[in-house]
Trainee: 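Questions regarding the structure given below will be posed in turn.
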Amino acid sequence: MISNSGHDENGKYSGGRAGDQTGKEWAIIGWYNRPWKCVIRHPDVKVREKIASLSEKAAKNDNIGYDQGQRVSYWDELVKAKYNPAAIKTKCEADCSSGVMANVKAAGYLLNNAKLKAVSITSTHYMREMLRKAGFEILTGSKYLTSDKYLLRGDILLNDGHHTATNLTNGQKASAAASGSAKPEGSTSSSGNPSGMKAESAESFKKSIAGTYIVNTSTDPLMLRSGAGKDKPVIAKMKKGAKVQCYGYYTTVDRVKWYYIVYDGKTGFASSEYLKKK
């Protein structure tokens, strides 16, 4: 999963109203191949975790939307909120690069890192060199660019001059040594799932499926599973009425769509037969 800020409520880059009108202007979505030109990684797991945590909170706060014309207003409100995106109450805007750079800069203040404090709210054209000077590594190997398997939580994905986003989950082949020992804030493991259980990848995507859903079972609970199908291991048990988020990804098994969802910081699959769109 990545934290992605891509367009306003009208599918454009400027001119929309402040704040996230659709819940999708800045949202948590599945990794996709932009394509990316490099992955920018800080060697300190505490820095990566802080950047990822800030990116998650920003994506979940609908007071923060997308607009290139008002791109620095997110940073202004972030400062007022003492660098906590979840605490922002005033509707504001960012674009992809200003959002990422604001979070990097905020991580600098929260961790008292002078190099991160000094970065500018720059564009994607200059991010690579600016972050390299701030102590980040620039990874250009094809294995980092063509799938999410080798990514670490807190990695920054960049297509220079076009787009940037923040990776939120450790890839299946990311080494334990590189990812360090820190756990994501508010979660139970580096993947957000119990005992580090990794959910399978979804097979399909349909934009109209994306949205907030309510668990709608006749009897509690509904199982959140690591894959699509009743035989897959259970990650969590969801009570009737619980809210979950789907970003449009799913896998079909025996003509039933199993949605790839986020529940209480955990990711996995649940049968669409027991999910009602809010």
Trainee: Does atom NZ of Lys257 have more than 12 heavy-atom neighbours, drawn from other residues, nucleotides or ligands, at distances under 6.0 Å?
Mentor: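 Atom NZ in Lys257 is not packed in, count stays at 12 or less.
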Trainee: Answer whether the closest heavy-atom distance between the side chains of Leu131 and Val104 falls below 4.5 Å.
Mentor: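 Touching, per the 4.5 Å side-chain cut-off.
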Trainee: Spell out, as yes or no, whether a donor-acceptor pair under 3.5 Å connects the side chain of Ser98 to the backbone of Arg71.
Mentor: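 Yes.
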Trainee: Does Ile40 belong to the same Ile/Leu/Val/Met/Phe/Trp/Tyr cluster as Leu152, with side-chain heavy atoms less than 4.5 Å apart forming each link?
Mentor: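 Ile40 does not cluster with Leu152.
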Trainee: Salt-bridged, Glu200 to Lys232, with N to O below 4.0 Å?
Mentor: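 Salt bridge between Glu200 and Lys232, a charged N being under 4.0 Å from a carboxylate O: yes.
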Trainee: Does NZ or CZ of Lys173 fall inside the cone over Tyr150's six-membered ring, less than 6.0 Å from its centre and within 45° of the axis?
Mentor: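 No, Lys173 and Tyr150 do not form such a contact.
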Trainee: Counting only heavy atoms not in Asp254 (residues, nucleotides, ligands), do more than 12 fall under 6.0 Å from its CG?
Mentor: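 Not buried by this count: 12 neighbours or fewer within 6.0 Å.
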Trainee: Is the shortest side-chain N to carboxylate O distance from Asp44 to Lys46 below 4.0 Å?
Mentor: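 Judged by the 4.0 Å cut-off on N to carboxylate O distance, Asp44 and Lys46 do not form a salt bridge.
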Trainee: Would Tyr126 end up clustered with Trp75 when hydrophobic side chains under 4.5 Å apart are linked, directly or stepwise?
Mentor: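 As far as the 4.5 Å side-chain criterion goes, Trp75 and Tyr126 are not connected within one cluster.
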Trainee: Are any non-hydrogen side-chain atoms of Lys240 and Tyr274 less than 4.5 angstrom apart?
Mentor: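 Answer no - side chains too far apart.
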Trainee: Please test Ile2 against Ile29 for side chain to side chain contact (heavy atoms under 4.5 Å, CB included), starting from the C-alpha separation and ending with a verdict.
Mentor: CA-CA 6 Å; Ile2 65 174; Ile29 66 173; 3.7 Å; yes
Trainee: Hey, are the side chains of Ile156 and Asn167 touching, using non-hydrogen atoms and a 4.5 Å cut-off?
Mentor: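 No; the side chains remain at least 4.5 Å from each other.
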Trainee: Between Tyr213 and Tyr259, does the ring centre distance come in under 6.0 Å?
Mentor: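 Yes - the distance between ring centres of Tyr213 and Tyr259 falls below the 6.0 Å cut-off.
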Trainee: Is the Tyr74 to Trp26 ring centre distance short of 6.0 Å?
Mentor: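 Tyr74 vs Trp26: aromatic centres under 6.0 Å.
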Trainee: With heavy-atom distances below 4.5 Å as the criterion, would you say the side chains of Asn61 and Pro85 are in contact?
Mentor: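 Not in contact.
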Trainee: Mark yes when over 12 heavy atoms from residues, nucleotides or ligands other than Lys276 sit less than 6.0 Å from its NZ; otherwise mark no.
Mentor: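 Atom NZ in Lys276 is not packed in, count stays at 12 or less.
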Trainee: Does this structure show an ion pair linking Arg128 with Asp160, if we count only N-O contacts that are shorter than 4.0 Å?
Mentor: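 Salt bridge present between Arg128 and Asp160.
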Trainee: Do you reckon Trp36 sits in the same ILVMFWY cluster as Met1, going by side-chain contacts under 4.5 Å, direct or chained?
Mentor: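 The answer is yes; both residues are in one hydrophobic cluster.
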Trainee: Heavy-atom count around Tyr13 OH within 6.0 Å, excluding the residue itself: above 12?
Mentor: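 12 or below, so no.
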Trainee: Is any side-chain heavy atom of Asn33 closer than 4.5 Å to a side-chain heavy atom of Leu145?
Mentor: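 Side-chain contact under 4.5 Å: no.
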Trainee: Pairing donors with acceptors under 3.5 angstrom, does anything connect the side chains of His42 and Asp155?
Mentor: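 His42 vs Asp155: no donor-acceptor pair found between side chains.
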Trainee: Of all heavy-atom pairs between Tyr66 and Cys96, which one has the smallest distance, and what is that distance?
Mentor: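 Scanning both residues completely, I find the closest heavy atoms to be CE1-N, 3.6 Å.
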Trainee: When clusters are formed by joining ILVMFWY residues with side-chain heavy atoms under 4.5 Å apart, either directly or through shared neighbours, do Val72 and Met127 land in the same one?
Mentor: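 Yes.
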Trainee: Indicate whether any N or O donor in one side chain lies under 3.5 Å from an N or O acceptor in the other, for Thr212 and Gln245.
Mentor: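 Their side chains do contain a donor-acceptor pair, which is all the 3.5 Å distance test asks for.
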Trainee: Does Lys117 NZ have over 12 foreign heavy atoms under 6.0 Å away?
Mentor: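 Result for NZ/Lys117: enclosed.
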Trainee: Would you say that Asn159 contacts Thr124 through its side chain, given a criterion of any heavy-atom pair below 4.5 Å between the two side chains?
Mentor: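 Result no, sub-4.5 Å side-chain heavy-atom pair not found.
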Trainee: Counting only N and O atoms by type, is there a donor-acceptor contact under 3.5 Å from the side chain of Arg225 to the main-chain atoms of Lys230?
Mentor: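 Answer holds: yes.
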Trainee: Tell me whether Ser53 contacts the main-chain N or O of Glu49 through its side chain, where contact means a donor paired with an acceptor under 3.5 Å.
Mentor: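 Side chain of Ser53 to backbone of Glu49: no pair is present.
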Trainee: Applying ring-ring contact (aromatic ring centres under 6.0 Å, His included) between Tyr260 and each of Tyr249, Trp31, Phe269, report the one that passes.
Mentor: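 When ring-ring contact (aromatic ring centres under 6.0 Å, His included) is applied between Tyr260 and each of Tyr249, Trp31, Phe269, only Phe269 qualifies.
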Trainee: Does some side-chain heavy atom of Glu77 sit less than 4.5 Å from a side-chain heavy atom of Lys89?
Mentor: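 When only atoms from C-beta onward are counted, Glu77 and Lys89 do not touch, as no gap falls below 4.5 Å.
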Trainee: Hey, does His7 have a side-chain heavy atom less than 4.5 Å from the side chain of Thr22?
Mentor: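 The answer is no; the side chains never approach within 4.5 Å.
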